[in-house]
Every structure is written in structure tokens, then in C-alpha cells.
Amino acid sequence: MTTGTLDKAAFGDDFTWGVASAAFQVEGAPDADGKAPSIWDDLARRGKIPGVGADQGIRYYDRYKEDHELIASLGFGANRISLSWPRLMGNGRGPWNPKGAAFYDRVIDNMLEVGLEPWVTVYHWDMPLELWKRGGWCRRDIISEFADLAERCAEHFGDRVKRWMVFNEPTSIVGHLLVGMTHGRRGFHYDAMLRTTHHINLAGAEAGRRMRAVLPSDAQVGTTQVLSVVHPYEPTDERTVRRKRAIEAVLCDIHIDPAGGRGYPFDAAKALLPMRRHIRDGDLEAAEFRYDFMGLQCYGPLVGLKPMPVIGPIPTNNITTAEFRMQSAIGIPQDPDAMLWALRKYAHHPAADRLVITEGGFGGNDRLEADGSGVRDDVRVWTHRRNLQAVLTARSEGVPVDGYFAWSYADNVEWFFGRGPRFGLVYVDYEDDYRRIPKDSALWFREMLAGS
Ligand code: NOJ
């Protein structure tokens, strides 16, 4: 495995280099300044998230200045964060919490002071617990409730934040339902998954329109998608072609095609037909919204997984290279070519003009060197370098992709997996006051971004 450097100049001056994180995963301070509990705070309190109790995140709430300085010192120009709905709107429907908003004012102002462009996601999974108890994304009223939040955020922060993402990975939001992992709902909830999908599509478009109406003209409204393309990327036999198309339709296309005016891919996956009972007159038109950019997030190909409900068996053939057999700490096979295929697949989709890699990275079982000096994380360096090569290849083919965000700037709470898998460029020493220690991958980025 080689971890050689890359030529930053090859990406051009307008390319955005950033790091990404999300509110629940880093902030901590779950009760500070009038914040209400989210579904994830509740899970943490009930001991459902390994290693994470009342003290959540990595104390970004208090240490954001130190973190921003560190991110800027590595040479990044942008920082992607998310806003916590229960911090801003208590139990979900308001009133607006000025103290919660003041926290994000401080964060955004400080980013601008140290030279980081804020990229902001409105919803990165931390739904107010109260809203969830009332039915979460299954209730149709959530569409307007979410759009109210998004519009209010755009009004409040839009003078400083020019890059917005409405959702983070709708596939994951509904995927938790599909595999029965969602908050307090064990088992398989296919109808809930279909309803949720439709409501999220409608909410994304409605929020996008309302945000655009109040944002300055130089602001951009995007969204993000996780794109786990099925391997083999180019199957030749008819049966695998059909299976690949059906799996990608259920996992990805249902979240993207409606925005682009294509409706739902019923022809590719008959399993989606029950969705029709949730679609009302005018819905398909209301779900259309041309985003300014589509954030793509890809952590590896879909291959060799256990058969899933609805989706069924995933093709497992052609697993040949050593890299491909390498797995992240959460079991994702490593093959950055998946990112190239995802970029190609969504290159000229009617839902968005441009693509940005809003997340890429590797979760490992990193160990701090015995003398506490750093972390040797060659696999992470290899992953980012190969991802970036995929971006260069895609650009040379005319794919309009103009940014890359490393997930994540520092180790944090990996949802149901807790503090186990570490995705950071920076190690967080939970035993020593959450000290931040740059790993080799952070130093690799610093050298590359210095562009010597
Ligand atoms: C996608 C999610 O957006 C992020 O929250 C998560 O930590 C990473 N993938 C890694 O699994």
C-alpha cells in the first residue's frame, strides 16, 4: 500500500477542501442552553451507544475554537457542520431558541475569522425526541415542520452561510428503518420506510424552495446522498445487471430521482410499488427541486453483505484485490473505485448541476503510539488518496465535481457503534481530557494542501 502524495494544483484553484462532522457526533452539551433531547441523546442515556453516556460527542460545544484553528492549520478551507434541530427548536415545532442559535452564531463567526468557509447541513439525523414520539418522518405534517426549521435557519444564518445541505444521507435515515435499527423500533418496517422516503423527498424540495426564497442570491442549496454502488460496477450478464439496478434503485435512486423530475424507479424495482399508496395528487411535482449541488458520500461498494429484506442477496462475485478484502471497523469493504463509479453514475443527473464529495474516509481501530506522539493510519491515507484520484479521473472525464470533505476532522461518536470506530484525521484521547492529536493522515493532508 502506497501513501504517496498528490498534486493539489491538479484540482484547480476553485476546488473546495474541507472536513465534515455532525452535531450529535461532536457537540456534547446535550442539555446546554435550553436544548431538548434528540432521539440519539435518548439512546445514549439509555446506554444503547457503546462508550457514550451523558457526556456525548467530543466537547466541540466548548472547544470549537481550538478545533477550527487546528482544521485551518492543516490547510483546509471549509468546515462542514450540522445544526441540531432540538438545540434550535426545542421539541421540534418551536419556539426558536435564541441561546441555541447564539451557539451556532459563535461557531460560524469563528470559522469565518480563522478562514474556514461554513458548509451547513440542516438535518443530520438528530430528530427531537418529542417529534419522534409523535411519529417522526412517518407523519405527513413533518414536511411543513421541517421546512419551517430550514427556512428559519436560512433566514438567521444566511448572511454568513452560503453553502447549505438540506439532508444528510436520506438512505441512512430510512435504512435504519429497513434493518430495524431505528430508535426504539425493533424489526422490519417496510411501509414506514416507504412513507418516510416519500416525506423526506417532499420535505427536501419544500425546504429547498423556502430556503432559496430567503437566502441571498450567492447562496447555494444542496443536499447529500450516500451512494453505495453495487459491485461488480459493470456486470455483463443480464441477471446481475437487473439485480444491480434494482438494489441501487431501492437504496439510492428513490432518494434522488424524484427531485430530478423522474418520479420513483418502479420499473427497476417492483418491490417499490406499495409506495404508490402514499403518493397524493401533485406530490411528484412537489418533490421536484433542482439542487445547486449534490453531495456524494461513498465509503465502499455494496458487496458481500448479508441478504437484506426487500433488497435480497447482494452480488458477491469478482472480489479479487487485496484492498477489496480489507474492511473498515464497521465492516465496509475498501475500494475507492466505488467512488469513481458513483461519480460517473450521478454526473449529469437532473436533480443537480454539480457534485461535491461531502464525505469520504475510513473508520479504523486506531491506536495511539506508546509515547502519545501520534497515530500511524496508513489505510486512511490510502483511502483519501485513492478517493481523490477517483475525483481527478472523474473530472478528466467531464464529471462536474469540485470539492472534497474528509470525514471526519476528529474521532467522534459513530452512531450505534459509539466510540469504537475512529474516522478522524485527528485522534481524540478520551482518557486524557479529550486531547486532540493529529494522526499521520492529518499530516499527509497538511503536506498536500501546502502544495509544495
Ligand atoms: C455517513 C454519516 O453522514 C456520518 O455521520 C457517519 O459518521 C459516516 N458516514 C461514517 O459512517
Side-chain angles (χ1 to χ4, degrees), residues 18-28 38-41 43-44 49-52 56-58 60 79-85 119-127 164-176 178-179 181-183 200 204 222-229 251-252 255-256 294-302 305 327-336 338-339 342 356-366 377 379-380 383-384 387 403-428 441:
V19 291
S21 64
F24 169 75
Q25 295 180 272
V26 297
E27 285 177 4
S38 73
I39 53 177
W40 292 94
D41 297 333
L43 283 172
I49 303 188
V52 180
Q56 301 162 18
I58 55 166
Y60 179 71
N79 186 28
R80 176 180 170 222
I81 60 165
S82 77
L83 304 175
S84 157
W85 191 344
W119 285 53
V120 173
T121 312
V122 182
Y123 184 80
H124 199 130
W125 309 353
D126 50 349
M127 170 166 285
W164 290 89
M165 287 140 288
V166 178
F167 280 117
N168 183 70
E169 296 189 358
T171 304
S172 303
I173 303 171
V174 309
H176 294 158
L178 198 60
V179 294
M181 280 163 78
T182 293
H183 188 74
I200 287 177
T223 195
T224 79
Q225 303 285 346
V226 61
L227 293 167
S228 302
V229 285
L251 292 183
C252 305
H255 302 288
I256 304 176
M294 183 69 67
L296 299 192
Q297 320 192 151
C298 185
Y299 285 87
L302 276 173
L305 301 171
Q327 305 249 319
S328 71
I330 55 177
I332 303 175
Q334 294 303 291
D335 181 11
M339 186 164 274
V356 175
I357 301 296
T358 40
E359 282 184 30
F362 175 79
N365 298 308
D366 301 355
D377 58 342
V379 181
R380 185 166 297 105
T383 305
H384 285 297
N387 284 348
Y404 184 87
F405 287 72
W407 182 274
S408 181
Y409 79 91
D411 299 334
N412 55 48
V413 181
E414 179 57 19
W415 306 106
F416 291 108
F417 297 96
R419 294 207 166 122
R422 291 174 178 266
F423 277 86
L425 303 179
V426 170
Y427 186 89
V428 174
S441 55

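Counting convention: from 1, in listed order, for ligands and their atoms alike. Side chains are part of it too, since the values below use all heavy atoms of this structure and drop only hydrogens, waters and symmetry mates. For clarity, every value in this text was computed on a predicted model and none was experimentally measured.
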- prompt: Could an N or O of ligand 1 be found under 3.5 Å from any N or O of Trp125, whether backbone or side chain?
  reply: no
statement: ligand 1 atoms nearer than 4.0 angstrom to some heavy atom of Trp415 are 4 (C), 5 (O), 6 (C), 7 (O)
task: Would you indicate whether the side-chain heavy atoms of Thr223 and Met294 approach each other to under 4.5 Å?
output: yes
message: One pair to check against side-chain contact (heavy atoms from CB on, under 4.5 Å): Phe423 and Gln25. What are the steps and the verdict?
response: CA-CA 11 Å; Phe423 277 86; Gln25 295 180 272; over 6 Å; no
- request: Using a strict 4.0 Å cut-off to heavy atoms of Asn168, name the atoms of ligand 1 that fall inside it.
  value: 2 (C), 3 (O)
query: Once the angle between the rings of Trp415 and Phe24 is folded into 0 to 90°, is it parallel (under 30°), tilted (30 to 60°) or perpendicular (over 60°)?
result: parallel
- prompt: Which one of Arg80, Gln297, Glu359, Glu414 has a non-hydrogen atom at the shortest distance from atom 1 (C) of ligand 1?
  reply: Glu359
- line: Of all heavy-atom pairs linking Arg422 and Val428, the shortest is NH1-O, 2.9 Å
task: Just jot down the ligand 1 atoms closer than 4.0 angstrom to any heavy atom of Phe423, in number order.
output: 10 (C), 11 (O)
message: Only heavy atoms of His124, strictly under 4.0 Å: list the atoms of ligand 1 that pass.
response: 2 (C), 3 (O), 4 (C), 5 (O)
statement: Nearest heavy-atom approach of Trp40 to Asp126 is CD1-CA, 3.9 Å
